[in-house]
Amino acid sequence: GWRSEMRMHPGQVDVAPGALATALAGQFPAWAGLPVTPLASAGTMVAPYRLGDRLVVRVPLRPEPDAAARLRVEGERAAALASRLPIEVAQLVGIGEPFAGHAGAWSIWTWVDGISLDRAPAVDATALARDLALTLRAFHAEPTDGADWSRNGRGARPLADTAWVRESLGRSAHLLDARAATRVWERALAAPPHPGRPVVIHGDPVPGNLVIRAGRLAGLIDIAPRA
């Protein structure tokens, strides 16, 4: 049967494009017949499939039967951010129900035209830094609604300096400058806590979630949990 390129999780489910097309036809008849094409992705949580020219389907690698509520919240956040960020934000257009071969909820989003940063052939680093800073500062300006740190391990202290972190940096020497990465990690460990009010941050601004168009940061394809 059809299998994805890499298996990252126990309980990971591979969904063949044909099975997804059948589920789409049954649950979203308006999109029946549109081509379903698996997309190469560096993501670790979902498998993306392009649906026609204007949509993308995101199928969790590990089915989550109760994910629909979380997806609705993500969709609401995406809609709110669309008018507040300086870049395009993918919008939720549908939430699918479990189907044969996948026992969890899945979602359909608008397609953001461009190429993910991790696959972009050439990008002006200075312009990218400026665009990214403006985008992340826009997140900081979002209302916290009285919330504090989500305690999901991102965006606050204490950071945990573990042997696993150090060993992982060493094993990544073929991908990056491990010494420079270690220095960045050590500066983070030594940094004082944020002195001001809590702010909203994007919990996962990795290259695979950032879309480049005409050489500039143009879109965001994953809202990520608040952190």
Side-chain angles (χ1 to χ4, degrees), residues 1-85 87-119 142 202-213 218-226:
W2 187 87
R3 291 176 67 86
S4 60
E5 295 178 2
M6 182 184 301
R7 300 184 67 79
M8 289 175 282
H9 307 288
Q12 178 172 327
V13 171
D14 294 306
V15 174
L20 181 56
T22 299
L24 281 160
Q27 299 184 33
F28 300 96
W31 297 322
L34 291 179
V36 176
T37 308
L39 297 172
S41 170
T44 61
M45 301 303 292
V46 301
Y49 300 77
R50 190 164 186 176
L51 176 60
D53 294 327
R54 299 184 178 181
L55 300 171
V56 61
V57 182
R58 295 166 56 86
V59 181
L61 295 175
R62 290 191 294 184
E64 305 172 63
D66 57 350
R70 174 181 57 78
L71 289 169
R72 281 192 288 271
V73 171
E74 289 183 11
E76 292 168 358
R77 288 197 62 216
L81 289 169
S83 62
R84 299 174 185 169
L85 296 188
I87 58 176
E88 184 178 354
V89 180
Q91 296 296 302
L92 180 68
V93 295
I95 298 176
E97 298 177 352
F99 59 91
H102 194 279
W106 43 287
S107 54
I108 307 170
W109 298 76
T110 55
W111 176 262
V112 178
D113 198 32
I115 185 170
S116 60
L117 176 58
D118 58 322
R119 297 176 184 274
E142 284 292 295
H202 186 289
D204 198 19
V206 297
N209 288 336
L210 305 174
V211 177
I212 302 298
R213 189 165 59 235
L220 180 66
I221 59 175
D222 190 347
I223 296 303
R226 269 189 172 189

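Model, not experiment: these values are computed from the prediction. Below, all heavy atoms of this structure are taken into account, side chains as well, without hydrogens, waters or symmetry copies.
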Inset, instruction - Over all heavy atoms of both residues, which pair between Ala90 and Ala78 is shortest? Give the atoms and the distance, please. - result: O-CB, 3.5 Å
Legend entry - Listed partners of Pro35 passing side-chain contact (heavy atoms from CB on, under 4.5 Å), at least two apart: none
Inset, instruction - Scan for salt bridge (Lys or Arg N to Asp or Glu O under 4.0 Å) pairs involving residues 16-43, sequence neighbours excluded, and state none if there are none. - result: none
Inset, instruction - Drop me the distance from Arg50's CZ to Leu39's CG, to the nearest 0.5 angstrom. - result: 7.5 Å
Inset, instruction - Using salt bridge (charged side-chain N to carboxylate O under 4.0 Å, His left out) as the criterion, list what pairs up with Arg58, not counting sequence neighbours. - result: Asp222
Inset, instruction - Taking all heavy atoms of Val211 and all of Ile221, pick out the closest pair and write down the distance. - result: CG2-CG2, 3.4 Å
Legend entry - Partner residues of Arg213 under the salt bridge (charged side-chain N to carboxylate O under 4.0 Å, His left out) criterion, sequence neighbours left out: Glu88
Legend entry - Spatial distance of atom CD (Gln27) from atom CD (Glu97) [nearest 0.5 Å]: 5.0 Å
Legend entry - Spatial distance of atom CG (Leu55) from atom OG1 (Thr110) [nearest 0.5 Å]: 7.5 Å
Legend entry - Partners meeting salt bridge (charged side-chain N to carboxylate O under 4.0 Å, His left out) with Arg70 (sequence neighbours left out): Glu64, Glu74
Legend entry - Distance (rounded to the nearest 0.5 Å) between Asp66 CG and Leu71 CG: 10.0 Å
Legend entry - Listed partners of Trp106 passing ring-ring contact (aromatic ring centres under 6.0 Å, His included), at least two apart: Phe28, Phe99
Inset, instruction - Check the pair Leu220 / Leu210 against side-chain contact (heavy atoms from CB on, under 4.5 Å), numbers first and verdict last. - result: CA-CA 5 Å; Leu220 180 66; Leu210 305 174; 3.9 Å; yes
Legend entry - Candidates Leu20, Ile108, Val56 - the one meeting side-chain contact (heavy atoms from CB on, under 4.5 Å) with Tyr49: Leu20
Inset, instruction - Please report the shortest heavy-atom distance between Leu92 and Ser107, naming the atom on each side. - result: CD1-CB, 3.8 Å
Legend entry - Heavy-atom pair with the smallest gap, counting every atom of Ala82 and Gln91: CB-NE2, 3.6 Å
Legend entry - Taking every non-hydrogen atom, the tightest pair across Pro63 and Gly104: CB-N, 3.6 Å
Legend entry - Nearest non-hydrogen partners of Pro48 and Ser41, listed with the distance: CG-CB, 3.6 Å
